[in-house]
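See structure below.
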Amino acid sequence: MSDDLTDLLHELADRHRGAPSVPAQEIRRLGERRGRRRRAAYASGAAAVALALAGGLAVAFTGHDGARPAPPAAASATAPPRPSPPQQRATATVDLAQHELALSGRRLPVSGGTAQHPTPTGRMTVVAKYPERRLPGATVGLGKEYDVAMRWVVELRAADGTTNYLVALTHNEQAPGERDVTHGWIGLRSADAKWCYQLLRPGDVVRVHRTGPAPG
């Protein structure tokens with residue numbers, strides 16, 4: 001402050017050299033005005049420094065392009081694949097007395113074996129299936145020298161090793177649900193046989209029973 005006052009006095013002395021002396025009150029007022037200007041300049045400089053520091057910190061924490069850097073990715077151990085849950089086996093139930101096959105919420109009409117060639121009962125397992133297969137004619141009463149082509153064939157195996165079939169009765173679509181016409185096979189209408197063929201898989205179970213008297 002003493003330096004400012006000295007400079008002010010020199011300035012007044014040069015400006016008013018040879019002029020009447022300047023009152024003390026004016027000298028004080030001019031000094032206070034210069035002091036306020038200098039304090040304002042100091043304050044502006046401090047604000048500029050603070051802004052520069054804040055900008056530098058922002059760049060340091062966000063990166064050069066203004067984007068906040070992503071946190072380091074945690075080391076992820078490769079988890080072993082989870083085993084697929086076992087597929088649920090389908091179970092079909094055939095009631096020969098009611099001429100009905102129940103599977104997956106549906107009830108389909110069937111035709112079983114005649115009195116001379118009854119359909120075996122018991123628990124059977126699906127072992128194979130064929131969209132079309134030639135089977136021995138003897139199983140449909142045509143003799144051993146003939147073969148017959150059947151559609152939507154599902155091959156069944158009983159506990160004693162004997163074989164039976166779910167087939168489409170393409171030659172007699174009216175028999176399922178009404179009367180028994182096969183030589184032991186379980187016959188269905190073509191559309192129903194195709195649906196069973198698509199749904200059943202090897203390992204599925206077909207339970208065959210009779211709730212009423214055998215056909216006589």
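Owing to the predicted nature of the structure, the values given are computational and were not obtained by experimental measurement.
- With sequence neighbours excluded, the residues satisfying side-chain contact (heavy atoms from CB on, under 4.5 Å) with Gln116 are Thr114.
- Distance CD/Gln98 to CZ/Arg210: 11.0 Å, rounded to 0.5 Å.
- Applying the side-chain hydrogen bond (donor to acceptor under 3.5 Å, both in side chains) rule to Asp95 yields the partners Thr211; only residues at least two apart in sequence or on another chain are considered.
- Annotation: side-chain hydrogen bond (donor to acceptor under 3.5 Å, both in side chains) contacts of Thr93 (sequence neighbours excluded): none.
- Using a 4.5 Å cut-off between side-chain heavy atoms of Ile, Leu, Val, Met, Phe, Trp and Tyr, Val208 falls into a hydrophobic cluster with Val94, Leu96, Leu101, Leu103, Leu108, Val110, Met124, Val126, Trp152, Val154, Leu156, Leu166, Ile186, Leu188, Trp195, Tyr197, Leu199, Leu200, Val206.
- No option in Thr125, Thr163, Asn164, Thr162 other than Thr163 meets the side chain to side chain donor-acceptor pair (under 3.5 Å) test with Arg157.
- By the salt bridge (Lys or Arg N to Asp or Glu O under 4.0 Å) test, Arg189 pairs with no residue at all, sequence neighbours left out.
- By the side-chain contact (heavy atoms from CB on, under 4.5 Å) test, Ala191 pairs with no residue at all, sequence neighbours left out.
- Atoms CZ and NE2, on Arg151 and His171 in that order, are 14.5 Å from each other to the nearest 0.5 Å.
- Of all non-hydrogen atoms in Pro120 and Gly184, the two that sit nearest each other are CD-O, 4.1 Å.
- Residues meeting the side-chain hydrogen bond (donor to acceptor under 3.5 Å, both in side chains) test with Ser190, sequence neighbours left out: Glu173.
- For Glu100, the side-chain hydrogen bond (donor to acceptor under 3.5 Å, both in side chains) criterion is met by Arg107, not counting sequence neighbours.
- Side-chain contact between Arg133 and Val167: absent, with no pair of heavy atoms (C-beta onward) separated by less than 4.5 Å.
- Among residues at least two apart or in separate chains, there is no salt bridge (Lys or Arg N to Asp or Glu O under 4.0 Å) pair with a member in residues 162-172.
- Of all the heavy atoms in Val181 and Ala175, the pair that sits closest is CG2-CB, 3.7 Å.
- Atom SG in Cys196 sits 10.5 Å away from atom NZ in Lys129 (nearest 0.5 Å).
- Residues Glu132 and Ala149 approach most closely at OE2-CB, 3.9 Å, considering heavy atoms.
- Taking all atoms of both residues into account, the shortest heavy-atom contact from Asp180 to Gly112 is OD1-N, 2.8 Å.
- Across every non-hydrogen atom of Pro176 and Pro109, the tightest pair is CB-O, 3.5 Å.
- In this structure, the side chain of Ser111 does not engage the main chain of Gly187 through any donor-acceptor pair within 3.5 Å.
- By the salt bridge (Lys or Arg N to Asp or Glu O under 4.0 Å) test, Arg179 is found to be paired with no residue, residues two or more places apart in sequence or in another chain being considered.
- For the side-chain contact (heavy atoms from CB on, under 4.5 Å) test, residues two or more places apart in sequence or in another chain that qualify with Thr91 are Val205, Arg207.
- Of all non-hydrogen atoms in Ala90 and Asp204, the two that sit nearest each other are N-OD1, 3.2 Å.
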